[in-house]
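Comments concern the structure below.
We're numbering straight along the sequence, starting at 1.
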Amino acid sequence: MHCIMRSLHHIGRNAQKAKAALNGADIYAGCCTLKIEYARPSRLNVIRNDNDSWDYTKPFLVRRERGKGRQRQAILGEHPSSYSNNGYGSHCPLLPLPSNNRFKRSSHEVPDVVAYPLPQTSSYIGHSSSSVAMVSGLHPTKMNCTRIFNLFCLYGNIEKVKFMKSVPGTALVEMGDEYAVDRAITHLNSIKVFSKRLNVCVSKQHAVIPSQVFELEDGSSSYKDFAMTRNNRFTSAGQASKNIIQPPSCVLHFYNVPPCITEDDLLRLCTEHDVPGFIKFKMFDAKPSSKTISGLLEFDSKTHAVEALTVLNHYQIRIPNGSNPYTLKLCFSTSSHL
């Protein structure tokens with residue numbers, strides 16, 4: 001059996017550990033020996049969760065069976081007769097579900113463990129037991145609900161954002177699920193934005209309640225509901241599969257830009273919004289019939305790129321005689337430099 005293995009977090013180290021633990025192991029005693037090899041592709045794009053493919057960071061890709069709650073399919077089909085609540089015999093521990101997992105319907109429909117075995121040396125260390133993240137270290141004048149959305153939407157849908165009146169510089173971010181909070185913590189905790197270092201952690205709250213709404217220093221509201229915005233990027237399986245989950249980097253990928261926009265126009269946009277300008281620019285070749293263009297912007301540092309994305313992501317670009325504005329979309333690129 002040949003396997004393509006990829007880890008979203010610490011990919012090299014985890015892939016080495018997985019290969020060392022699984023290569024040459026037998027699924028059943030004396031048969032079904034695994035052969036694990038490194039694959040040439042550096043990225044695995046899974047568009048659906050079924051018997052042939054599965055993305056464990058995107059549980060919403062699973063197809064719900066009629067009359068049943070959302071449940072992972074077992075790798076080996078029906079449980080062997082030796083199955084117990086503690087795993088397959090004493091050799092393969094199972095990954096526990098969070099106690100408040102929103103995909104869990106009842107104790108009869110979904111078991112207390114996800115039905116896929118892990119190697120004996122594995123352990124599950126999860127960040128999140130809530131779909132709400134708490135973000136502190138926010139700049140008092142330069143951060144608001146919209147800018148938090150612009151940054152956090154790269155890692156999952158954003159439902160609501162609320163600044164805490166009792167704790168200045170702190171906000172609660174309700175995301176689509178616990179997995180999105182995990183990704184946000186992994187990639188955004190400890191990054192610097194506007195000379196302030198963010199602290200992203202799991203909130204004890206399980207929902208954001210719009211109470212004690214007040215006006216932020218920039219004049220915007222301390223609370224905003226993003227549940228219905230079209231700028232959420234994980235609203236369907238097809239849309240979610242197009243997202244590349246990347247940590248912050250000094251290179252931004254821009255897209256959905258009108259063809260008439262030039263490098264100078266984008267630099268001017270940075271200047272007008274008081275964010276650092278990029279130092280290198282690359283435009284991708286587009287089809288003659290394409291209505292938008294895309295490309296890459298390299299900044300002097302990761303912090304500069306984060307600040308530009310936080311401010312300019314989803315900026316409405318209007319063109320002369322155009323009926324509808326273009327929504328500039330930004331994300332972190334897989335490229336480290338141009």
Side-chain angles (χ1 to χ4, degrees), residues 98-104 125-235 245 247-248 273-275 302-315 330 332:
S99 59
N100 65 330
N101 190 288
R102 65 173 58 189
F103 303 112
K104 186 173 178 180
I125 305 176
H127 291 290
S128 179
S129 58
S130 167
S131 59
V132 179
M134 185 169 68
V135 188
S136 58
L138 297 167
H139 194 283
T141 61
K142 294 185 178 181
M143 290 300 286
N144 55 33
C145 294
T146 298
R147 291 182 175 181
I148 289 177
F149 173 86
N150 288 345
L151 181 59
F152 277 71
C153 73
L154 304 185
Y155 304 104
N157 287 335
I158 308 298
E159 300 287 333
K160 303 167 189 173
V161 178
K162 183 182 80 169
F163 278 76
M164 301 174 67
K165 191 170 186 178
S166 59
V167 189
T170 301
L172 298 176
V173 183
E174 183 177 341
M175 306 190 73
D177 53 43
E178 296 89 344
Y179 301 94
V181 173
D182 267 352
R183 293 191 291 266
I185 292 172
T186 300
H187 296 301
L188 298 179
N189 186 40
S190 296
I191 67 168
K192 293 190 74 173
V193 188
F194 303 121
S195 302
K196 302 276 285 183
R197 191 171 298 279
L198 297 187
N199 178 31
V200 186
C201 62
V202 182
S203 172
K204 294 181 180 179
Q205 306 295 324
H206 293 281
V208 170
I209 308 299
S211 60
Q212 292 185 313
V213 178
F214 59 97
E215 189 176 280
L216 299 177
E217 292 193 30
D218 67 352
S220 65
S221 174
S222 65
Y223 169 82
K224 194 166 184 180
D225 191 324
F226 294 96
M228 301 304 293
T229 180
R230 297 177 63 183
N231 292 328
N232 269 320
R233 304 182 182 185
F234 296 79
T235 53
I245 306 297
H273 289 81
D274 195 27
V275 294
K302 179 175 69 175
T303 298
H304 287 176
V306 170
E307 292 175 359
L309 181 143
T310 300
V311 174
L312 298 178
N313 198 14
H314 306 123
Y315 177 78
L330 299 168
F332 297 114

For residues [X] and [Y], report the shortest heavy-atom separation together with the two atoms involved.
| X | Y | answer |
| --- | --- | --- |
| Ser136 | Thr170 | CB-OG1, 3.5 Å |
| Met164 | Met134 | SD-SD, 4.3 Å |
| Glu159 | Gly176 | OE2-CA, 4.2 Å |
| Thr141 | Asp218 | O-CB, 4.1 Å |

### Query
side-chain contact (heavy atoms from CB on, under 4.5 Å) between Ser221 and Val213: does it pass, once the steps are laid out?
CA-CA 7 Å; Ser221 174; Val213 178; 3.4 Å; yes
Determine yes or no for a side-chain-to-main-chain donor-acceptor pair under 3.5 angstrom, with [X] supplying the side chain and [Y] the backbone.
| X | Y | answer |
| --- | --- | --- |
| Asn150 | Asn313 | yes |
| Lys142 | Phe194 | no |
| Ser222 | Phe214 | yes |
| Glu174 | Val208 | yes |
| Arg197 | Ile191 | no |

Once rounded to the nearest 0.5 Å, what's the spacing between atom [atom1] of [X] and atom [atom2] of [Y]?
| X | Y | atom1 | atom2 | answer |
| --- | --- | --- | --- | --- |
| Gln212 | Tyr223 | CD | OH | 14.0 Å |
| Leu198 | Leu188 | CG | CG | 7.0 Å |
| Ser190 | Asn199 | OG | CG | 6.5 Å |
| His206 | Ser130 | NE2 | OG | 5.0 Å |
| Ser220 | Met143 | OG | CE | 11.0 Å |
| Leu312 | Glu307 | CG | CD | 11.0 Å |

### Pi-cation contact, Phe234 with Arg183 (under 6.0 Å, within 45°)
yes
Residues forming a side chain to side chain contact (heavy atoms under 4.5 Å, CB included) with [X], sequence neighbours excluded:
| X | value |
| --- | --- |
| Gln205 | Leu172, Ser203 |
| Lys196 | His139 |
| Lys224 | Cys145, Thr146, Phe226 |
| Asn232 | Phe149, Asn157, Ile158, Thr229, Thr235 |

### Message
Among Leu330, Leu309, Ile245, exactly one meets side-chain contact (heavy atoms from CB on, under 4.5 Å) together with Leu154. Which residue is that?
### Response
Leu309
### Task
Not counting sequence neighbours, which residues clear side-chain hydrogen bond (donor to acceptor under 3.5 Å, both in side chains) with Asp225? List them please.
none
Beyond-backbone contact of [X] with [Y], side-chain heavy atoms, under 4.5 angstrom:
| X | Y | result |
| --- | --- | --- |
| Val173 | Val132 | no |
| Phe152 | Val161 | no |
| Lys302 | Phe332 | no |

### Task
Mind checking ring pair (Phe, Tyr, Trp, His ring centres under 6.0 Å) for Tyr155 and listing every partner two or more places apart, or none if nothing turns up?
His187
